[in-house]
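Following: one structure in structure tokens, then a few remarks.
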Amino acid sequence: MTLYEWLLDNQRYVISVDSEYRFTDGNPPSVVCFVYQDIKTGEIWNCTKPEDILDLPFPHDDATYIVFNAVAEASCWLSWNIPLPVKVIDLWVEFKNLTQDGIKREKGYYSLLNCCHRLGVEEQYIISEEQKEHFRDLIIHQTEYSERDMQQILDYCKSDVVVTGKLLQPVLDHIERRLSKAEHETRLLQIMFRGVVKTREAQVIHAGICCDNEKLNRFNKYWPDAKKNFITEQDKDLDCFEDGIFKQDKFIKLIHKNNLEKRWPKTPKGNYKSDEKTLKRFEDNEAIDKLRLLIKLNGSGKMLGYCVGEDGRSRTPLNWFGTVTGRTAASSNKYPFGPSKWVRELLKPADGYTYAYIDYKQQEMYIQAYLSKDQNMIAAIQSGDIYMYTAVLAGAAPTGATKDTHPKERQLYKVGVLANSYGMGRDSLAQQLNVSITTAKSIQAGIKRAYPKFFQWQEDLKSRMVKQKRLQTKFGWTRHLPSGDVNFRSVGNWPIQATGAEMTRLAMVMLLDADIEVHATVHDAVLVMVPTNKRGPRIHKAQEILMEAAEIVIGEKIPTDVDEFSSNWKQARNKDKTGDGDLFDSIFIEIDKAATNGN
């Protein structure tokens, strides 16, 4: 029996569903319609109001829904106050899981139409991209529809429902052929978990992120007038701007000043690159990271990191599974956890509530240790100071050394351990530590001596990737072997980041199941909102859930840190005024000046 046959045999109702809606940035969708089709019988139902869904001849909570990108349908269900289903198969996620290999795909590669063409759905069921664009324009640019228009929209929605149903079997057939062998029940549990993740992603987006709209609006109103003075003041130690304009010749001097000229990438014409992607590669350098911020601020007319809707809450897609590791890929311009940390000072929970930002302590180190089963690394984590423990194991510090007695050695091995997680080479490590290549090489050799089983595990991963043509996480998220050259450094780190993403996804689902409001997810953290009068037990419960999720994924609980705030989230302020909170203060000093001058 095939996986497709097993699904139809073991699920009473298998329903293909699609929705049509209008949307504006920051707001939940305005639903136009749903169309449902029973894949077994072919029967179709049109729903143009919530009551139509309640009247469907099958129980909503017992159906297995087949969708293409569940966030859309889940967002529409939530907008109509329809409970989210518990059994969802998202063919967008599964197509991505079948094909992703770390190679960047062209725009539209993961679209419904391309998926259908690639997996052999009959052409008679696939409409053209031009037809899709026509109906998208009709839906988005009108708020009222004639009877004829509405019928055309329903017919268009029906075409997507039918083709989604036709896509189900080839997707499941390819899963059986291309992915590691598994029992049908296990396989479907993994598939449905990914589908539920996408519906819960919609739940997080629907809730929105509370923020200080008074300060946000003030920034947006006065920033165009304030930014020139701010850039001038902040640029004094960088000297890369002139009259508010970024200067390439000054930028070259900054690169040489920081001894980065040998590592800095150049354009085909031989100029140093200054795009966002390049600058982000060097964000560990304080001056470059500051320059990156100033360039972004200088080019922006409004606050980065927020996309506020009519209800005063910020919303943007999280795009779980948007990256090869399965991590989120939210827009850095519309998500407060994308830009620099100073923008987080505008996060502010609703009255009577408290925000708790809960993050795993050294999540990646725990994952490395417990996936590789390196007992030395496990002991290092359990010691309470993995960096000092590593320096001792490597022979760089004596037994009993502490961060107080051997701060230099600890710092060297802290950077070395973290750099190892990202596969950093010795030249880059030497540059970051400002030490010789010989010293950097010695640090890397010491770390390898300390954790031989971990490094052997990484080598085994590469061999397995070549032999099996894929790697998979515990819950079945997959990276395939690409044709051509393979970035084995990336392959070695993939299971660690992918497992971390799996852990955070599971924690998100478990938190929502426990009726704890999740307003944001980050790589290794969540932002939850709880009633202030119940914050102690509710936050404690949330922390327990994160630890439980870790135990399910890697077999060990990972402790968490928590930062609570009932007003604006205060960021770090330092004596030397270099903290993110200090930057926030500096920006708003200029905002206040511009507001005064404007009055």
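The structure displayed is predicted, hence computed values, not measured ones.
Under the 3.5 Å distance criterion, the side-chain polar atoms of Asp582 are matched with a main-chain donor or acceptor of Asn574. Here the side chain of Thr199 pairs a donor or acceptor atom with the backbone of Val196 at under 3.5 angstrom. Without hydrogens or angle criteria, Thr499 side chain to Pro495 main chain gives a donor-acceptor distance under 3.5 Å. Not a single donor-acceptor pair under 3.5 Å links the side chain of Thr328 to the backbone N or O of Ala330. The closest donor-acceptor contact from the side chain of Gln100 to the backbone of Thr478 lies under 3.5 Å. Side-chain atoms of Asn97 do not come within 3.5 Å of backbone N or O of Val93 as any donor-acceptor pair.
Using a 4.0 Å cut-off between a side-chain N of Lys or Arg and a carboxylate O of Asp or Glu, Glu548 and Lys557 do not qualify as a salt bridge. Between Asp385 and Arg410 there is a salt bridge, since a side-chain N of the basic residue sits under 4.0 Å from a carboxylate O of the acidic one. Remark: Asp90 does not engage Lys198 in a salt bridge, criterion side-chain N to carboxylate O under 4.0 Å. A salt bridge between Arg200 and Asp513 is present, with a side-chain N of the basic residue lying under 4.0 Å from a carboxylate O of the acidic one. Salt-bridge annotation for Glu345 and Arg573: present, with a side-chain N of the basic residue lying under 4.0 Å from a carboxylate O of the acidic one.
Here the two rings, on Phe321 and Trp477, have centers that are under 6.0 Å apart. Aromatic ring centroids of Tyr413 and Tyr387 lie 6.0 Å or more apart. Under the 6.0 Å cut-off for aromatic ring centres, Tyr357 and Trp569 qualify, their centroids lying closer than that.
The side-chain hydrogen bond (donor to acceptor under 3.5 Å, both in side chains) test applied to Asp524 returns no partner, not counting sequence neighbours. Residues passing the ring pair (Phe, Tyr, Trp, His ring centres under 6.0 Å) test with Trp457 are Phe454, sequence neighbours excluded. Scanning for side-chain hydrogen bond (donor to acceptor under 3.5 Å, both in side chains) contacts around His174 gives Arg177, with sequence neighbours left out.
Checking Lys453 against Gln375 by side-chain atom types alone, no donor-acceptor pair falls below 3.5 Å. Side-chain contact check for Thr278 and Asp275: at least one donor-acceptor pair (N or O, by modelled atom type) lies under 3.5 Å. Checking Ser436 against Thr439 by side-chain atom types alone, a donor-acceptor pair falls below 3.5 Å. Side-chain N/O atoms of Thr354 and Ser566 include a donor and acceptor closer than 3.5 Å.
When the options Arg194, Arg187, Arg178 are evaluated for a salt bridge (Lys or Arg N to Asp or Glu O under 4.0 Å) with Glu94, the one that passes is Arg194. When each of Thr325, Ile367, Thr473 is tested with Glu502 by the rule side-chain contact (heavy atoms from CB on, under 4.5 Å), just one qualifies, namely Thr473.
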task: Please lay out, stage by stage, how Thr578 and Asp576 fare under the test side-chain hydrogen bond (donor to acceptor under 3.5 Å, both in side chains).
output: CA-CA 6 Å; Thr578 58; Asp576 59 1; 2.7 Å; yes
